[in-house]
Protein chains: 4
Amino acid sequence: MANRSETSRLSILDATLRLLDDEETTVKSLSIEAIAKEAGVGKTTIYRWWPSKAAVVIDAFMENHLLHTPVRDDVPVREALAIHLRSLISQYAGKPGQLVSQILAESQYDAEVRAMFRERFFDDRYWTIVRLVERGIESGELSPDVDPRILSEMIYAPVYHRLLIGHRPLDDQFADDLIATALGLPAVESRGRSTRKIRAAS
Amino acid sequence: MANRSETSRLSILDATLRLLDDEETTVKSLSIEAIAKEAGVGKTTIYRWWPSKAAVVIDAFMENHLLHTPVRDDVPVREALAIHLRSLISQYAGKPGQLVSQILAESQYDAEVRAMFRERFFDDRYWTIVRLVERGIESGELSPDVDPRILSEMIYAPVYHRLLIGHRPLDDQFADDLIATALGLPAVESRGRSTRKIRAAS
Amino acid sequence: MANRSETSRLSILDATLRLLDDEETTVKSLSIEAIAKEAGVGKTTIYRWWPSKAAVVIDAFMENHLLHTPVRDDVPVREALAIHLRSLISQYAGKPGQLVSQILAESQYDAEVRAMFRERFFDDRYWTIVRLVERGIESGELSPDVDPRILSEMIYAPVYHRLLIGHRPLDDQFADDLIATALGLPAVESRGRSTRKIRAAS
Amino acid sequence: MANRSETSRLSILDATLRLLDDEETTVKSLSIEAIAKEAGVGKTTIYRWWPSKAAVVIDAFMENHLLHTPVRDDVPVREALAIHLRSLISQYAGKPGQLVSQILAESQYDAEVRAMFRERFFDDRYWTIVRLVERGIESGELSPDVDPRILSEMIYAPVYHRLLIGHRPLDDQFADDLIATALGLPAVESRGRSTRKIRAAS
DNA sequence: CGATAAACGAGACGGTACGTCTGGTCTTGTG
DNA sequence: CACAAGACCAGACGTACCGTCTCGTTTATCG
């Protein structure tokens with residue numbers, strides 16, 4: 001029989017990360033051929049076990065838990081949200097963000113990749129936020145009238161939006177603004193509307 | 001001398017749309033070679049005037065005003081938002097949505113395409129919503145404490161989010177949920193409570 | 001592993017000859033793309049194994065021994081020369097001649113092709129004539145004072161000269177004239193005079 | 001009205017020579033586009049007056065009398081031949097030789113170019129040699145039995161042969177060997193056959 | 001001497017082929 | 001018998017030139 005070689009599997013995932021580490025390399029410019037060569041592995045071996053290049057990248061990405069965005073449950077929801085969002089945004093502002101946006105790009109052309117992205121990456125994060133919002137409703141920090149899933153999307157989606165479109169920066173201010181608006185509260189340090197407008201315009 | 005040929009320009013944009021109309025064709029699978037052949041045009045002519053395949057697609061997409069998402073200013077903000085979002089979402093649920101998501105995908109790999117997407121497509125829509133939100137604040141429909149740009153992103157981004165990730169459907173319910181949550185009103189009859197929440201937070 | 005495919009090699013050479021057989025096709029107008037298409041082969045396969053189009057043509061030309069110009073060693077040198085030259089000239093007057101002249105043309109731009117032409121095509125023929133001239137010297141049919149290589153060139157080069165420049169025809173008369181002049185005999189009956197001349201010069 | 005512009009004609013021929021002067025540029029790699037640009041002339045102007053790139057090159061080549069190969073008629077034929085051939089060969093060994101061989105290459109694909117090469121370049125030289133050989137016959141230096149045109153080709157063709165095939169060098173020794181053999185005389189400095197053989201092999 | 005027609009520079013155009021690259025499949029030993 | 005190595009068919013890439021075709025803009029006779 002000769003079962004799947006764990007050595008090969010790891011070489012492939014390692015090689016993928018090594019290649020993606022190069023500032024110039026994108027998921028698109030990365031080729032299966034290059035991965036095979038870097039891993040010292042035949043192309044066939046990759047094609048045998050992964051349905052597409054993007055699948056390898058997602059696997060490699062997850063294998064090394066490249067994104068660390070804890071959600072604390074021992075602090076008030078507002079604070080937990082703040083910690084989580086700031087952490088997420090700061091990571092998305094860098095190389096991991098590029099990777100996520102490129103995987104998302106690949107997933108536009110391949111339903112299998114899209115499903116894999118959701119299952120292996122997206123769902124966990126999404127439900128974590130939904131649960132957090134639900135805790136906020138339970139604790140009274142958030143209005144009981146909001147749909148936790150919709151509110152979660154309204155908090156989370158803008159981060160992806162800026163990541164993908166780049167019309168405005170991914171920074172701490174953004175995290176604070178999102179939370180303040182979501183909780184129906186102006187950001188602490190900038191209460192007035194006109195002040196906020198000026199900030200937004202800068 | 002020897003000015004640009006309008007005939008060629010139109011042939012190219014038309015051919016691009018014709019090819020993209022095919023259910024199986026994506027922006028990725030579309031090739032400049034195919035456009036040239038379909039348009040009866042030399043490849044050089046395309047390369048001479050467009051920096052990339054995606055640029056041609058954006059031009060073609062815009063040339064024919066493929067997306068019609070009016071924003072009324074003669075009705076209350078809530079209603080204008082509802083009309084706009086329902087229209088936008090219904091179109092994004094179909095072929096135009098696929099195109100937008102694929103252009104966005106391409107833009108992840110090409111700063112020029114990203115800029116073109118923003119300038120030719122995104123900015124108009126974004127500012128239209130921002131202005132709408134500002135009108136809502138002025139008319140008292142929205143709390144004066146929200147940052148119009150942040151709120152706009154919180155309303156708009158989830159649409160793109162579902163378009164790109166596909167974790168939940170793009171339908172009228174979604175439009176209504178977004179508006180209700182954005183206006184701080186889970187439903188019409190709960191206006192008082194949500195108003196209270198906003199007031200309490202200020 | 002994965003050795004060269006003999007099937008492909010033959011398809012390519014066959015396709016090349018098939019295309020060149022067309023009266024209108026020249027080595028210049030022949031394209032690697034056309035060979036690949038005709039052979040049902042990827043362009044890469046051609047580029048992998050041949051350094052240039054001309055190299056493929058030379059290979060194809062030689063593979064099928066397209067030129068038959070025997071040199072008899074069982075008859076007097078004059079007769080062997082006559083048979084050989086008449087045969088060579090008659091072939092050069094037709095399609096093979098065009099091919100040779102076109103390969104020679106290509107070789108003016110590519111040292112590798114020039115070397116290949118010499119090694120695969122020219123040298124054999126050249127040395128065959130040199131040896132024939134040497135036999136003529138040994139047998140007394142030719143003056144011992146001539147340099148066999150120079151005399152060979154003087155006999156052989158005019159054939160190429162007419163082939164390439166076309167100032168006068170390639171016909172049997174030409175073969176006879178060359179031999180007569182080379183042997184120092186304008187005609188059979190004037191052997192004495194020419195012998196005298198050579199003797200007088202030594 | 002508006003006659004041919006002599007200025008343009010000269011710019012084009014000059015530009016052609018300037019471009020061909022570059023060691024790396026060949027008649028093949030030279031493009032009409034490049035000539036037009038270098039000459040500051042529209043492509044149309046070239047196409048209007050010349051049938052092909054090679055025609056321009058021949059014109060440019062001749063305009064500047066790039067080859068100087070005098071034939072003296074005030075010295076014995078042997079000496080005149082020696083002077084002419086040594087001069088010709090020494091020039092053919094350099095850049096002019098490359099040009100001639102490349103023009104000859106081009107002429108293999110274009111009957112018009114071939115005719116132009118003959119008329120503008122070849123015929124003069126050919127008949128000059130024929131006349132020289134005829135003078136040799138009249139003066140008794142050459143046997144009255146040889147056909148002057150055939151002997152001319154036997155003297156002249158080997159030069160082109162070496163130029164195009166490059167199997168042996170174009171040098172003074174070659175000129176002397178040709179003349180010696182043509183005149184039925186061994187070269188003065190190397191009378192013995194074995195000596196000649198060794199020289200030929202080097 | 002002003003009209004007018006050809007030649008001119010510029011360069012866009014529809015094409016062809018280039019040589020390179022990658023995708024995904026197939027083949028051939030090796031461990 | 002899974003693997004590495006890599007050859008294979010296929011076809012798009014972006015580039016270079018081809019030869020044709022407008023464009024205005026000189027020129028230079030001719031009416």
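None of these values were measured; they are calculated from a predicted model. Quick note on labels: first sequence line is chain A, next is B, and so on, each numbered from 1.
The stretch residues 21-34 of chain B does not touch DNA chain E, since none of its heavy atoms comes less than 4.0 Å from the strand. Contacts with DNA chain E (heavy atom under 4.0 Å) in residues 39-47 of chain C: C/Lys43, C/Thr44, C/Tyr47, listed by number.
Of the inter-residue distances, the one linking C/Leu104 atom CG with C/Arg114 atom CZ reads 8.0 Å to the nearest 0.5 angstrom.
Taking 4.0 Å as the cut-off between side-chain N and carboxylate O, A/Glu33 and A/Lys53 do not count as a salt-bridged pair. Using a 4.0 Å cut-off between a side-chain N of Lys or Arg and a carboxylate O of Asp or Glu, A/Arg9 and A/Asp59 do not qualify as a salt bridge.
Between A/Trp50 atom CH2 and E/dG23 atom P there is a gap of 16 Å when expressed in whole angstrom units. Counting to the nearest Å, the C1' atom of E/dT22 and the CD1 atom of A/Ile35 are 12 Å from each other.
If you check every strand for non-hydrogen atoms under 4.0 Å, C/Arg4 touches sugar and phosphate atoms only.
Between the side chain of C/Thr45 and the backbone N or O of C/Val41, no donor-acceptor pair lies under 3.5 Å. A/Gln102 places no side-chain N or O within donor-acceptor distance of the main-chain N or O of A/Lys28, the cut-off being under 3.5 Å.
Close to F/dT27, at under 4.0 Å from its OP1 or OP2, lies no side-chain N or O of D/Ser5. Using a 4.0 Å cut-off, no side-chain N or O of D/Asn3 falls inside it from OP1 or OP2 of F/dT27. Side-chain N/O atoms of A/Arg48 include none lying less than 4.0 angstrom from OP1 or OP2 on F/dA2. Listed pair B/Trp49 / E/dC13 meets the phosphate criterion, a side-chain N or O lying under 4.0 Å from OP1 or OP2.
The C1' atoms of five pairs define one axis at each end of the helix from E/dC1-F/dG31 to E/dG31-F/dC1, and these two axes lie 10° apart (to 10°).
Shown here is C/Lys95, whose NZ atom has more than 12 heavy atoms of other residues, nucleotides or ligands within 6.0 Å.
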